[in-house]
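Ligands are counted one by one from 1 in listed order, and the atoms in each one are counted from 1 as well.
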Amino acid sequence: MSLVLDPAAQDLLFREARTANTFTDEPVTEEQVQAIYDLVKYGPTAFNQSPLRITLVRSPEARERLVQHMAEGNQPKTAAAPLVAILSADNEFHEELPALFPHFPQAKDVFFSERPAREGAAALNAALQAAYFIIGVRAAGLAAGPMTGFDFEGVRKEFLDDDHTPLMIVNIGRPGPDAWFPRSPRLAYDDVVTTV
Ligand SMILES: Cc1cc2nc3c(=O)[nH]c(=O)nc-3n(C[C@H](O)[C@H](O)[C@H](O)COP(=O)(O)O)c2cc1C
C-alpha cells in the first residue's frame, strides 16, 4: 500500500528478479542496451559526475580474451552469456563536469583537481550507476549476472587504460535452464534500520 510503483513492476525489478547464472541463446540487441542506458542515465550521482563507462564485449575474439581473466567458476558463464559488459569508473570524469553540472562549472577545479579525490568519487558514483544499470537490465525484461570474481588489473590492461578502473563485469540475457539457486534470505528491516 505504501509503494506507488505498479506491483508487476516491483516484481520485475526486485521480488522476482534474480541474478542469472545461465542464459538462453537469445541475443541482446544494441537497441535494448541503448534503451537501458537511456533510462538509467537519469539515476543520480554527486555533481552529476556520471563516471560510469560501459564496454560491451561483443566479438568472439574479445570474449575469449575476457574469459581468460575471469575466476574459474565465472568462466563458463562469461563464455556463454549473450552479452557481457565491463563496467568501469572514469577517473578523469572531471573533464565533463562543466557540461554536466553547468550551474557550478567551477566544481571541476574546486573539488576534483587532484587524482585521489577523483578516484574516490568515481568509485562511489560509478558503483551507484552500476546498480542502476542492473535494475535497468531487469526493466528490459532481461537478467543480469554481475561479477567481481576476475583479475581487475588484467582486465584493466586488456580492455581499459590507466584512467579507468574496472568495477564489475555483467553477463546479460534471458535466464536459461537452472539459472539460479533457491533465493537466499535477506536481512530483515529491524536488522538493518535504526532510528535515532
Ligand atoms: C557486485 C557483485 C559481484 C558479484 N560477483 C559474483 C561473482 O564473481 N560470481 C558469482 O557467481 N556471483 C557473483 N555475484 C552474484 C551474487 O552472489 C548474487 O547477486 C546474490 O547472491 C543475490 O542473488 P539473487 O539476485 O539471485 O537473489 C555478484 C553480485 C554482485 C552484485
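A side-chain donor-acceptor contact under 3.5 Å links Arg118 to the backbone of Asn91.
Here's the thing with Pro146: one of its N/O atoms is less than 3.5 angstrom from an N/O atom of ligand 1. Checking only distances, Arg186 does come within under 3.5 Å of ligand 1, N or O to N or O. Of the polar atoms of Trp180, none of the N or O atoms is found under 3.5 Å from an N or O of ligand 1, judged by distance alone. Polar contact check, Asn21 against ligand 1: no nitrogen or oxygen pair lies under 3.5 Å apart.
Remark: Asp162 engages Arg156 in a salt bridge, criterion side-chain N to carboxylate O under 4.0 Å. Salt bridge present: Arg58 and Glu30 bring a charged side-chain N and a carboxylate O closer than 4.0 Å.
Here the protein heavy atom with the shortest distance to atom 23 (O) of ligand 1 is Thr19 OG1, 3.4 Å. At the shortest separation from atom 11 (O) of ligand 1 among protein heavy atoms lies Lys77 NZ, 2.5 Å.
Residue-ligand proximity: Met70 is placed with every non-hydrogen atom at 4.0 Å or more from ligand 1.
Taking a distance limit of 4.0 Å, we find that atom 4 (C) of ligand 1 is approached by some protein heavy atom. Put simply, atom 27 (O) of ligand 1 has protein non-hydrogen atoms near it, under 4.0 Å away.
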Mind listing the side-chain donor-acceptor pairs of residues 119-136 below 3.5 Å, one per line with the distance, residues two or more places apart or on another chain?
residue, atom, partner, partner atom, Å
Glu119, OE2, Arg115, NE, 2.9
Asn125, OD1, Ala46, N, 2.8
Asn125, ND2, Gln49, OE1, 3.0
Asn125, ND2, Ala121, O, 2.8
Gln129, OE1, Leu52, N, 2.8
Tyr132, OH, Pro44, O, 2.8

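Counting heavy atoms only, Gly149 comes closest to atom 8 (O) of ligand 1 of the residues Pro182, Pro185, Ala130, Gly149.
What you find for Arg63 and Thr78 is that their closest heavy atoms are NH1-O, 2.8 Å.
Of all the heavy atoms of Asn74, the ones lying under 4.0 Å from any atom of ligand 1 belong exclusively to the side chain.
If you take CD1 on Ile86 and OG1 on Thr55, they are separated by 5.0 Å, rounding to the nearest 0.5 Å. The structure places CD of Gln10 at 11.0 Å from CG of Leu12, a figure rounded to the nearest 0.5 Å.
Looking at Gln68, His69, Glu61 one by one, the single match for side-chain hydrogen bond (donor to acceptor under 3.5 Å, both in side chains) with Arg65 turns out to be Glu61.
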